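Working notes, beginning with the structure itself.
Everything numeric in this text was worked out from a predicted model, so none of it was measured. Both ligands and their constituent atoms are indexed starting at 1 by order of listing. Along the sequence shown, the residues carry numbers beginning at 1.
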Amino acid sequence: MYDKVVYQIYPKSFKDTNGDGFGDIKGIIEKLDYLSWLGVDYLWLTPMYLSPENDNGYDISNYKQINPQYGSMEDLEELIKQADKLNIGIMMDMVFNHTSSEHPWFKQALAGDKYYQDYYIFKDEPTNWESKFGGSAWEYIENLDKYYLHLFDKSQPDLNWDNPQVREEVKNIILFWKEKGIKGFRFDVINLISKPDVFRDDNEGDGRRYYTDGPHVHDYIKEIVNDTGIEDCITVGEMSSTSLDNCIKYSGSKTKELAMCFNFHHLKIDYPNNQKWVLAKPDLKQMKFLFKYWQEGMQAGDAWSALFWCNHDQPRIVSRLGDEGKYWMESAKMLATYIHFLRGTPYIYQGEEIGMTNAHFKSIDQYRDVESLNMYQLLDKNEDRLNILGERSRDNSRTPMQWDTKIRKSWIEINPNCKNINVENQIHNEDSILNYYRKLIKLRKTYPIIAKGNVEFIDTKDDELVIYKRFLDDDVLICFYNFSDKNLEFDCDLNYFFGNYISAPSNFLRPYECAIYSKGIY
Ligand code: GLC
Ligand code: CA
């Protein structure tokens, strides 16, 4: 597991083979050679199940069918087969905190069926909890005179995991996919599944402290993993607002729940007081503290992290912590190196490997995401709402993959900078971001110190300078990163090993430079 790299595909925006504006499974098959050339081991596919696509597939109405927009079950089986030939495993996205409101279970519940009402969380009175997509977390159903809980959109009712029958349904779905040859499972917001025994108002927050890492979450995960035998698969849990102690349980060697976890604390360093919809500059001091805390803490607990900057829920990292202009190439490579030299399993999100940027939409009509559209309505009209969405919208990372210079019709507009930023331009250029990612993946597979070594952060006086050390037996790597467009002084007497500029630095790091020094490694 240690030397593996995962590539995330957002199928809707990956590769469209029939010109209907939606990426499809055949498109993924078409690009398998590219992915194998890049060197990745697993493909995490975000949901392609039957769905009204209100939250782009995270609202599932049938877990065992493929949305025809993407192709057929036969196409998916073909993808599994072809990928396997290239030694690439497919990882499916399992969304079990909630279903779509169009799922037959929920429809039965609404029709008054008590058995299926117990699959969800219906209450006579709501609490003051807020939905993660804005507004109340409860929706009133008049004919039942009850409210149901939805931590996300109202079209995503939360499942009641305390009902053993719900857990049986979940296991049955996992087994269905495992039998099809799926090698990995990503569990969507899995640390939110266990709700409290008593529902009460939260007078200090939005309710999350009552259901995050909830009372039975570890038991439920263990039960699911044991009963489906997915210990031999690669498993990753998406953990929302979680804690280190809990992640050590989720992915620690003692508890054996999941192979690894995602957490998001390092991507909230530009949320003032945890507010996503208020703009602020990234707090690099806080970033450094968080990486040290999580990297060293997970190591001490013998637990394993999923490493990432980008996914379909995050703005593009080069736009956020790098520089889209003068230092576009340097900053994209520096950010990549930072992740790929850490302790954990790196995840690459489609387009990251060519330095794709935010969308820069100018009008609300260009947005598609349910969260962005909800927030546009809820944000203060006096605020520059388009500017806020421009920085924070999840659509920033959902624009189509830039294979070449062509502006094709798509469900969401392609970024016109595909004229310059695209795979075609970079694939034969040894110095491109794309070839640099390929080198990073090779390095992890060549040097056990990168894959398995211990990690330790070193204090620095500049907030923009981050230094961490990796070590294994007698070998050492010291990794320096400049998160700014200024020259920063530094000093190291080991041998220069790797970096994002053509030559080694002298007494200072150049803008967005990363430089890795080694002892015992060549
Ligand atoms: C996860 C997904 C996100 C989705 C949410 C609700 O955070 O990554 O895209 O909207 O869960 O399923
Ligand atoms: Ca298509």
Side-chain angles (χ1 to χ4, degrees), residues 8-31 44-49 51-61 63 66-72 75 79 91-101 103 131-134 137 149-159 185-193 208 211-212 236-242 261-264 267-268 276 306 308 310-315 347 349-350 368-375 392-398 400-401 403 408-412 414:
Q8 183 192 349
I9 292 185
Y10 198 67
K12 219 177 192 172
S13 291
F14 190 61
K15 176 79 217 264
D16 174 19
T17 55
N18 61 353
D20 65 354
F22 296 94
D24 40 53
I25 301 173
K26 288 206 165 77
I28 305 175
I29 299 177
E30 194 182 298
K31 293 298 178 187
W44 153 26
L45 312 177
T46 60
M48 291 195 287
Y49 316 96
S51 159
E53 296 276 327
N54 212 39
D55 184 19
N56 281 350
Y58 284 92
D59 47 329
I60 300 174
S61 55
Y63 289 87
I66 298 296
N67 181 342
Q69 198 176 68
Y70 296 109
S72 62
D75 292 338
L79 171 62
M91 175 190 275
M92 295 290 265
D93 210 321
M94 301 276 125
V95 188
F96 293 132
N97 176 68
H98 43 265
T99 68
S100 161
S101 51
H103 195 290
S131 149
K132 292 185 187 278
F133 290 166
L149 179 69
H150 60 89
L151 297 182
F152 294 88
D153 190 60
K154 64 172 188 283
S155 62
Q156 296 166 297
D158 280 53
L159 283 165
F185 295 93
R186 180 249 185 202
F187 292 98
D188 191 60
V189 290
I190 194 69
N191 68 325
L192 309 185
I193 55 173
R208 71 181 66 195
Y211 58 74
T212 301
V236 55
E238 185 201 25
M239 307 302 173
S240 165
S241 307
T242 188
C261 7
F262 287 113
N263 81 72
F264 296 87
L267 292 172
K268 295 183 181 170
K276 174 168 175 174
F308 73 108
C310 302
N311 67 26
H312 63 294
D313 296 329
Q314 298 293 331
Y347 283 64
Y349 176 63
Q350 67 181 48
R368 297 288 174 270
D369 180 21
V370 59
E371 181 194 41
S372 301
L373 299 173
N374 284 351
M375 288 317 300
R392 296 288 150 90
S393 170
R394 306 192 298 179
D395 281 338
N396 279 311
S397 55
R398 298 178 178 185
M401 175 70 182
W403 296 107
R408 292 190 179 79
K409 173 185 130 241
S410 171
W411 69 278
I412 189 169
I414 190 163

**Prompt:** Any N/O/S atom of Asn18 sitting less than 3.0 Å from the Ca ion (ligand 2), backbone or side chain?
**Reply:** yes

**Prompt:** Is the closest side-chain donor-acceptor distance between Ser51 and Asn67 under 3.5 Å?
**Reply:** no

**Message:** With a 3.5 Å distance limit and no angle check, can you tell me whether Asp59 reaches the backbone of Gly57 through a side-chain donor-acceptor pair?
**Reply:** yes

**Request:** Could you point out which residue of Arg186, Gln8, His312 forms a side chain to side chain donor-acceptor pair (under 3.5 Å) with Asp93?
**Result:** Arg186

**Request:** List the closest protein heavy-atom neighbour of atom 10 (O) of ligand 1: residue, atom name, distance to the nearest 0.1 Å.
**Result:** Asp55 OD2, 2.5 Å

**Prompt:** Nearest to atom 2 (C) of ligand 1, what protein heavy atom do you find, and at what distance?
**Reply:** Asp188 OD1, 3.1 Å

**Asked** If you count the atoms of ligand 1 from 1 in the order shown, which ones are under 4.0 Å from a heavy atom of Glu238?
**Response** 1 (C), 7 (O), 8 (O), 11 (O)

**Request:** Please could you name the atoms of ligand 1 that His312 approaches to less than 4.0 Å, counting only its heavy atoms?
**Result:** 2 (C), 3 (C), 8 (O), 9 (O)

**Request:** Give a yes or no answer on whether the side chain of Asn191 reaches the backbone of Ser240 with a donor-acceptor pair at less than 3.5 Å.
**Result:** yes

**Asked** With backbone taken as N, CA, C and O and side chain as the heavy atoms from C-beta onward, which portion of Phe96 lies under 4.0 Å from ligand 1: side chain, backbone, both, or neither?
**Response** neither

**Request:** Return the name of the atom in Asp24, of element N, O or S, nearest to the Ca ion (ligand 2).
**Result:** OD2

**Asked** In Asp20, the N, O or S atom nearest to the Ca ion (ligand 2) is which?
**Response** OD1

**Asked** So which of His98, Glu371, Gln314 gets nearest to atom 6 (C) of ligand 1, if we judge by its closest heavy atom?
**Response** His98

**Asked** Looking at Arg394, which atoms of ligand 1 are within less than 4.0 Å of one of its heavy atoms?
**Response** 3 (C), 4 (C), 9 (O), 10 (O)

**Message:** Tell me whether the Ca ion (ligand 2) has Gly23 as a neighbour, meaning an N, O or S atom of it below 3.0 Å.
**Reply:** no

**Complete:** Contact region, Arg186 to ligand 1, non-hydrogen atoms below 4.0 Å, reads side chain

**Asked** With a 4.0 Å cut-off, would you call Arg408 and Asp16 a salt bridge?
**Response** no

**Message:** Between Asp153 and Tyr58, is there a side-chain donor-acceptor contact under 3.5 Å, judged purely by atom types and distance?
**Reply:** no

**Prompt:** Looking at the Ca ion (ligand 2), which N/O/S atom of Asp16 is the nearest one?
**Reply:** OD1

**Request:** For this output row, return yes or no: ring centroids of Phe262 and Phe308 closer than 6.0 angstrom.
**Result:** yes

**Prompt:** For atom 5 (C) of ligand 1, what is the nearest protein heavy atom, given as residue, atom name and distance?
**Reply:** Phe152 CE2, 3.8 Å

**Message:** Out of all atoms in ligand 1, which are within 4.0 Å of some heavy atom of Phe133? Include the element for each.
**Reply:** 10 (O)

**Request:** Check Tyr63 against Tyr49 and note the closest heavy-atom contact, atom names and distance.
**Result:** O-CD2, 3.4 Å

**Asked** Can you find a side-chain donor-acceptor pair between Asp158 and Tyr211 that sits under 3.5 Å?
**Response** no

**Item:** Nearest atoms (heavy-atom pairs only) where Leu192 meets Lys132
**Value:** CD1-CE, 3.7 Å

**For Asp313, the ligand 1 atoms whose distance to one of its heavy atoms is below 4.0 Å** = 1 (C), 2 (C), 3 (C), 7 (O), 8 (O), 9 (O)

